[in-house]
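The structure under discussion appears below in the form of structure tokens.
Proteins get letters first, then strands, A, B, ... in listed order; numbering begins at 1 in each.
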Amino acid sequence: MSFNIDFLAWRKLALIVSSIFLVVSISSLLIKGLNWGLDFTGGTLVELSYPNGAEIDSIRDTLRSEGFEGAQVANFGSNKEVLIKLPGTISDSLGSEIISLLKKQNLNEDIDLRRIEYVGPQIGSELRDDGGTAMLIALAFMMLYIAFRFQSRFAGAAVIALIHDVIIVVGIFSLLQIDSDLTGLAALLAVIGYSLNDTIVVSDRIRENIRAMDTEDVNEIINTSLNQTLGRTLVTSLTTLLVLFSLYLLGGELIKNFALALIFGVIVGTYSSIYIASNALIMMGLSKDHLKEEEPENSDNNLP
Amino acid sequence: MKRYGLWKYILILLVLSFGVIYSLPNLYSPDPAVQVSYNSSSQSADVNLQNRIQSVLDSDSLLSKIELNDDYVLIRLESYEEQLKAKDLLSSGLGSDVIIALNLAQTTPDWLSDIGGEPMKLGLDLRGGVHFLMQVDTEAAIKNRQNGTLQDIRRRLREEKIRYTNAYIDEDLSIVLSFNDETNTTTADSFIDDNYPQFAGSPQPNSNNSIKLVLAEEEVDQIESDAIDQNLTTLRNRVNELGVSEPIVQRQGKKRIVVQLPGIQDTAEAKKILGKTATLEFHLEAQLDTPRSRKTSYPFKGNRGAPAFLQDALILSGDQVATAQASFDENGFPQVNITLDGEGGSRMHRATRGNIGKRLGVLFVEQKTRTVYQRGADGNQVPTQETYEVKEIISLATIRAALGTSFRITGLDSPSESSELALLLRAGALAAPMRFVEERTVGPSLGADNIQAGIFSMELGMALVLLFILFYYRVFGVAASLALSFNIVLLVAIMSILSATLTLPGIAGIVLTVGMAVDANVLIFSRIREELKRGRKPLDAIDAGYNKAFLTIWDANVTTLIVAVILLSYGSGPIKGFAITLSIGIITSMFTAIMGTRAFVNLIYGSKKDLTRLSI
């Protein structure tokens with residue numbers, strides 16, 4: 001695969017597209033907010049399986065009449081599985097109470113317990129804090145590594161691309177009201193890792209070409225680098241998307257959201273490493289001098 | 001083209017055979033099994049037990065293999081139905097001196113287990129079971145200790161004839177003593193300085209003649225860590241009593257304990273036993289001349305009698321119980337037969353021999369949790385959980401003769417109450433009450449579904465990726481496919497050796513690794529194509545492709561590894577499972593994608609000096 005696309009001619013358009021995405025994401029976050037999962041709100045969750053299909057309305061009525069006012073009842077995956085959520089509750093015995101209540105109501109049916117989760121309020125806020133810390137630390141360390149391996153402008157560009165990706169993926173969580181729980185956070189961090197991976201491959205080629213190419217025109221160098229790495233970027237995105245689709249289709253209900261978040265993340269990450277990171281480099285005024293004075297890498301002598 | 005050193009081939013072969021051998025145990029599926037052990041931890045399984053089991057199982061013709069291990073007898077069965085049947089048979093056929101638990105017995109061949117080969121551990125989300133996180137209320141342990149010290153100080157101040165006006169435990173858990181003049185205050189202060197070193201850092205007595213005794217920080221730490229250690233031991237005992245194979249009871253952080261019970265579904269029952277802080281206390285009944293300050297009135301359990309006054313002086317508590325068995329008395333009422341340890345026996349003897357004809361009260365002490373609403377910082381009512389203690393009399397009987405180490409306790413409501421009390425007395429008391437702050441239960445059907453979903457998605461993902469790279473890179477695609485398969489084998493082998501736990505998010509991590517590990521090969525192969533296009537000879541192009549791609553691969557993987565390691569150290573639960581497989585996968589994929597494919601490519605093309613075309 002070889003390409004000769006004038007990527008930078010589309011720069012302005014890309015900026016506009018990204019701006020729209022960012023504005024939509026941020027507005028959705030402000031208006032709809034995130035659908036916080038149990039891990040962060042604390043509360044109780046029960047998943048049950050009714051072999052003959054579950055009647056959501058009657059389950060809801062039973063729970064309402066027995067004092068579980070805030071119970072959210074919904075099908076989960078198929079019409080046999082029911083997910084009952086009680087966000088924010090602080091008693092650890094509600095799960096068992098709900099089950100014995102529903103079993104009493106359906107004496108002639110075998111209700112199968114799929115899972116119970118209870119997260120205390122303190123744990124919820126701790127998980128939230130730990131998650132935020134983990135993300136900030138990950139970003140900081142990666143910036144340091146890139147600044148050390150490349151140059152501070154690359155680190156800046158990579159982080160701008162990452163923030164762009166994170167905002168859009170979180171925006172998608174908000175738009176589609178996907179559960180934002182620990183699994184969602186893991187997906188978000190995986191997106192960061194993936195997007196960075198892409199950005200580094202492109203940056204690496206830019207660095208190499210700055211040293212190798214005769215031109216002083218940074219835009220041309222960046223454009224050439226993008227074209228040279230495009231084949232690889234597309235193939236890797238494709239193989240990653242292939243496995244993500246198989247996870248999405250076959251991985252079961254618990255993995256579905258994780259895979260979905262990553263699918264969006266991979267698409268956004270691929271786009272951002274082409275447009276956002278390189279745009280940011282240009283805007284920060286990368287010039288040949290920034291890398292020239294360093295020792296050139298003797299890559300031909302570096303044996304794998 | 002550079003020659004590929006022999007040592008590299010040898011290294012790859014070594015790593016490959018290591019991977020194959022240590023991932024092999026995962027192919028042997030475990031046998032459904034039942035394990036039986038004595039419920040007294042001092043008694044290890046013996047031939048006698050094995051024979052008893054044999055005779056129970058012989059009565060029904062169940063096909064089984066019985067093995068005698070150090071701690072338990074293991075009975076392997078053909079199917080899960082027979083496993084349940086065998087458990088039922090054994091539960092009714094063997095006495096109450098044994099614990100019966102369902103188990104999954106490994107079938108790893110001896111030669112593999114001899115060299116340390118073991119299958120990966122499956123997480124609770126894959127095998128079903130329950131995960132509890134319990135918070136230890138260490139404040140209660142401190143309060144308890146202060147209470148004991150307060151009793152002691154009161155007694156000794158009386159003995160020393162130092163008159164105090166008030167002595168109590170303050171809200172901040174310090175002890176406050178008040179006196180009516182300065183002489184008493186200073187005498188008491190120096191007396192306490194000499195005798196109670198744990199209050200070393202306390203402030204000087206203040207002007208209105210009161211002394212505040214604050215526990216030194218090291219002392220608080222010591223009490224807290226003792227309490228958690230004792231709770232850990234007690235929980236381990238209780239978990240053993242529940243009959244769970246391969247349970248995990250571990251400290252997490254400063255004040256928390258994780259309990260994982262694979263295979264348990266009745267979480268309500270498990271929670272009841274784990275969280276219970278019931279114990280017994282023995283007190284003499286207060287006499288008419290007992291001063292008010294040294295007796296307390298307690299209600300009868302279940303309101304079976306009028307409240308009665310017991311002396312505050314404690315004869316002994318549940319800690320001194322050596323063994324306890326539930327049984328029935330002559331009239332068929334539930335009772336618990338208790339044997340005390342030596343010290344407990346002599347204390348009981350001393351206390352009862354001089355009090356024949358008086359009554360001995362048995363207090364049932366239980367810590368319970370309730371929800372209270374407190375005004376939070378923002379002025380709203382915030383619900384919090386609080387523990388409180390309930391003490392009720394279960395029996396108040398006249399002492400007919402001096403008691404020794406063995407006696408029985410009656411006055412229990414039901415057989416289940418007597419067996420629960422016996423269990424709790426055997427397992428020991430909790431030093432501090434505990435609350436459940438997190439629970440995650442996965443039913444067996446969901447666990448099985450998760451395994452299946454994990455395997456299916458892995459198979460499909462792998463198949464799609466392999467098809468694509470074979471089609472896209474042809475011979476080089478074969479190299480990449482082999483490397484990818486090799487990568488999975490290696491990843492599984494390392495997970496098995498580290499005894500890492502495989503969870504559903506972990507499987508997602510493996511699947512993602514498959515997609516991302518190809519990246520290294522894609523980078524190398526597109527470089528080779530570029531070099532070919534520039535007119536390099538095929539063998540030189542291979543060299544250049546590998547060399548130029550190496551640094552890029554390195555940088556890209558290191559940054560992903562940074563993310564994975566941070567996830568591993570900060571994440572919990574699902575995040576951790578994902579991060580483990582992702583980190584190991586990144587490391588193994590670097591090896592297989594770079595060294596592995598290079599070796600393969602060199603084997604195919606290395607000897608053809610006049611090569612003109614590459615199949616890439």
Residues A:D179 and A:K85 bridged, charged N to O under 4.0 Å: yes
A:R115 NZ/CZ over A:F76 ring centroid, <6.0 Å and within 45° of normal: yes
Which of A:D130, A:I137, A:T183 touches chain B most, by non-hydrogen pairs under 4.5 Å: A:I137
B:R529 NZ/CZ over B:Y472 ring centroid, <6.0 Å and within 45° of normal: yes
Pick from A:V119, A:I123, A:T44 with the largest number of heavy-atom pairs that fall under 4.5 Å of chain B: A:I123
Residue selection (most heavy-atom pairs with chain B, distance under 4.5 Å) from A:M135, A:E117, A:Q228, A:E97: A:E117
Region of B:L523 in contact with chain A, defined by heavy-atom distances below 4.5 Å: both
Contacting moiety of A:L244, where chain B heavy atoms sit under 4.5 Å: side chain
Proximity breakdown for B:V518 and chain A, heavy-atom pairs closer than 4.5 Å: side chain
Within 6.0 Å of OH in B:Y570, more than 12 heavy atoms from elsewhere: no
B:Y473 portion near chain A, given a 4.5 angstrom heavy-atom threshold: side chain
Proximal component of A:L139, with respect to chain B [non-hydrogen, under 4.5 Å]: neither
Per-residue contact mode, A:F141 against chain B (heavy atom under 4.5 angstrom): both
Proximal component of B:F456, with respect to chain A [non-hydrogen, under 4.5 Å]: both
Among the listed options B:L504, B:T560, B:V514, the residue most often paired with chain A at heavy-atom distances under 4.5 Å: B:L504
Ion pair A:D198/A:R232, N-O distance below 4.0 Å: yes
Chain B contact via A:L238 - side chain, backbone, both or neither, heavy atoms under 4.5 Å: side chain
Centroid-centroid under 6.0 Å between B:F578 and A:F258 rings: yes
Which portion of A:L45 sits near chain B, non-hydrogen atoms under 4.5 angstrom: neither
Interchain contact, B:E459 with chain A, by part (heavy-atom threshold 4.5 Å): neither
A:E47 portion near chain B, given a 4.5 angstrom heavy-atom threshold: side chain
Check: B:T581 side chain, B:G506 main-chain N or O, donor-acceptor pair, under 3.5 Å: yes
Contact class of B:D449 relative to chain A, heavy atoms under 4.5 angstrom: side chain
Side chain / backbone / both / neither for A:D112 at chain B, heavy atoms under 4.5 Å: side chain
Structural part of A:L182 lying under 4.5 Å from a heavy atom of chain B: both
Contacting region of B:I562 [heavy-atom separation from chain A under 4.5 Å]: side chain
A:R207 NZ/CZ over A:F154 ring centroid, <6.0 Å and within 45° of normal: no
Region of B:N450 that comes under 4.5 Å of a non-hydrogen atom in chain A: side chain
Choice from A:D204, A:I116, A:T236 maximising heavy atom contacts with chain B below 4.5 Å: A:I116
Interchain contact, B:N557 with chain A, by part (heavy-atom threshold 4.5 Å): backbone
Residue part contacting chain B, namely of A:S96, when any heavy atom lies under 4.5 Å: side chain
Under 4.5 Å from any heavy atom of chain A - which part of B:I524: neither
Choice from A:G120, A:G42, A:G251, A:G95 maximising heavy atom contacts with chain B below 4.5 Å: A:G251
Contact origin within B:V565 toward chain A - heavy atom pairs under 4.5 Å: neither
Contacting moiety of B:T552, where chain A heavy atoms sit under 4.5 Å: both
Test: B:K271 cationic atom under 6.0 Å from B:F436 six-membered ring centre, within 45° of axis: yes
